[in-house]
Number of protein chains: 2
Amino acid sequence: MDRRTAILDSAERRARKGGYYGFSFRDIAEDVGVKSASVHYHFPTKEALVEALGERYLERAKEALGNPADHPGVEGVQRVADLFLTANETDDLMCLCGIFGAELAALPAAIQPKIAAYFDYLTEWLTAALGVGAEPAHAQAVVAALEGGLILSRTKDDPAVLRTIVQLLQTGQKVRLS
Amino acid sequence: MDRRTAILDSAERRARKGGYYGFSFRDIAEDVGVKSASVHYHFPTKEALVEALGERYLERAKEALGNPADHPGVEGVQRVADLFLTANETDDLMCLCGIFGAELAALPAAIQPKIAAYFDYLTEWLTAALGVGAEPAHAQAVVAALEGGLILSRTKDDPAVLRTIVQLLQTGQKVRLS
DNA sequence: GTCTATAATTTGATAGAC
DNA sequence: GTCTATCAAATTATAGAC
């Protein structure tokens, strides 16, 4: 693996644990096995590093999701949900854009459009998967429920929390609980 | 206002902007108009400070929500949603437990039960408001959708995002979008 | 590309005077 | 309770040798 990728891997993992201020260039340098000055060679500033992080995160989601037309209806919901279920159960990591979105007010301004682009892509992909007549607002609500569900599930240290929410989203239970 | 309260107010505001690592004792001292050593007098460690923050945050939610029996059905959903709508539109702040929940893996362990208690309380309160036959899992999904909706709304810098999600939750539109 | 060395600043926390 | 003073450590970032 090339060094730039190793740096991004380390940074992503740490950012998804503790957020923007929760990791340092030295943390990454130790993970990768170099000195912090070498990390600065590849990414001159922390802002540049997390921008690259956000871009890669979106590209990976695009690759993982594929063509929405190939996953119509409920299968599309499952596919988006799997991004969050894998983060939760396989990787034990928060969503990068979820944690950066929560911290947004204290982050370098250049990061905001990268995070927004991620949420927009998931929403648009899901709207397309659900087909003609689907409301983007509904797709956005599903993305929000998954993002919040990941936070609740991790806080309670219980994967069943997110799984149950995904199930409700799939089976079309009413959101209104009355 | 007594000093302890002023310190908690400053810390809460800053924590809800940038998370646990996004503020310092000196930041708070400057907000309050004292020296950082005085902040340490009231809260010896940062961990003690954020624990107090979490406890106060829950107590305030309890006061704001009142008795669930007084707000049956959809009115209960509106009352919980108002906590998030106020954070978003009036205060322009993230939910304290949402941002700490996202950063949880990198926070002092003693904070986790405080955050979990908040989500549990909202879920139990809403389950009670929805009355006999209501599924706690549905109430939890509503809390998750609100927490995630707050993140998406702030990221897009558009209050309508959260408002629309709240509307879907109230009108009982299906979560399944197929 | 990676290193050593270092600058300039900030961090959480403490000792002790008042 | 608040202050001055300080500590030890960590932070982002840069200069320059190799």
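No experiment lies behind these values; they were computed from the predicted model shown. Lettering of chains follows the sequences in order, A, B, ..., and the numbering in each one begins at 1. These numbers come from the heavy atoms of this one structure, side chains and all, not from hydrogens, waters or symmetry mates.
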Could you name each residue pair satisfying ring pair (Phe, Tyr, Trp, His ring centres under 6.0 Å) that touches residues 140-169 of chain A, not counting sequence neighbours?
none
Side chains of residues 102-109 of chain A: which donor-acceptor partners sit under 3.5 Å, not counting sequence neighbours?
{"residue": "A/E103", "atom": "OE1", "partner": "A/Y20", "partner atom": "N", "Å": "3.0"}

Across all chains, not counting sequence neighbours, the salt bridge (Lys or Arg N to Asp or Glu O under 4.0 Å) partners of A/E59 are A/K62
Mind checking salt bridge (Lys or Arg N to Asp or Glu O under 4.0 Å) for B/K46 and listing every partner two or more places apart, or none if nothing turns up?
none
Contacts of A/E47 that satisfy salt bridge (Lys or Arg N to Asp or Glu O under 4.0 Å) - sequence neighbours left out
none
Show me the pairs that pass ring pair (Phe, Tyr, Trp, His ring centres under 6.0 Å) and involve residues 42-86 of chain B, at least two apart or across chains.
B/Y57-B/Y118
Tell me, which of residues 11-40 of chain A have any heavy atom that sits under 4.0 Å from an atom in DNA chain D?
A/F23, A/S24, A/F25, A/R26, A/A37, A/H40
What are the bounds, 5' to 3', of the part of DNA chain C that sits under 4.0 Å from heavy atoms of chain A?
C/dG1 to C/dT6
SB check A/E30 A/K35 (cutoff 4.0 Å)
no
According to salt bridge (Lys or Arg N to Asp or Glu O under 4.0 Å), who are the partners of A/E124, at least two apart in sequence or on a separate chain?
none
Contacts of type side-chain contact (heavy atoms from CB on, under 4.5 Å), residue B/T123, not counting sequence neighbours:
B/T127, B/A139, B/Q140, B/V143
Sequence neighbours excluded, the answer for side-chain contact (heavy atoms from CB on, under 4.5 Å) partners of B/Q78 is B/D82, B/L85, B/Q170
Residues within residues 43-52 of chain A bordering DNA chain C, heavy-atom distance below 4.0 Å
none
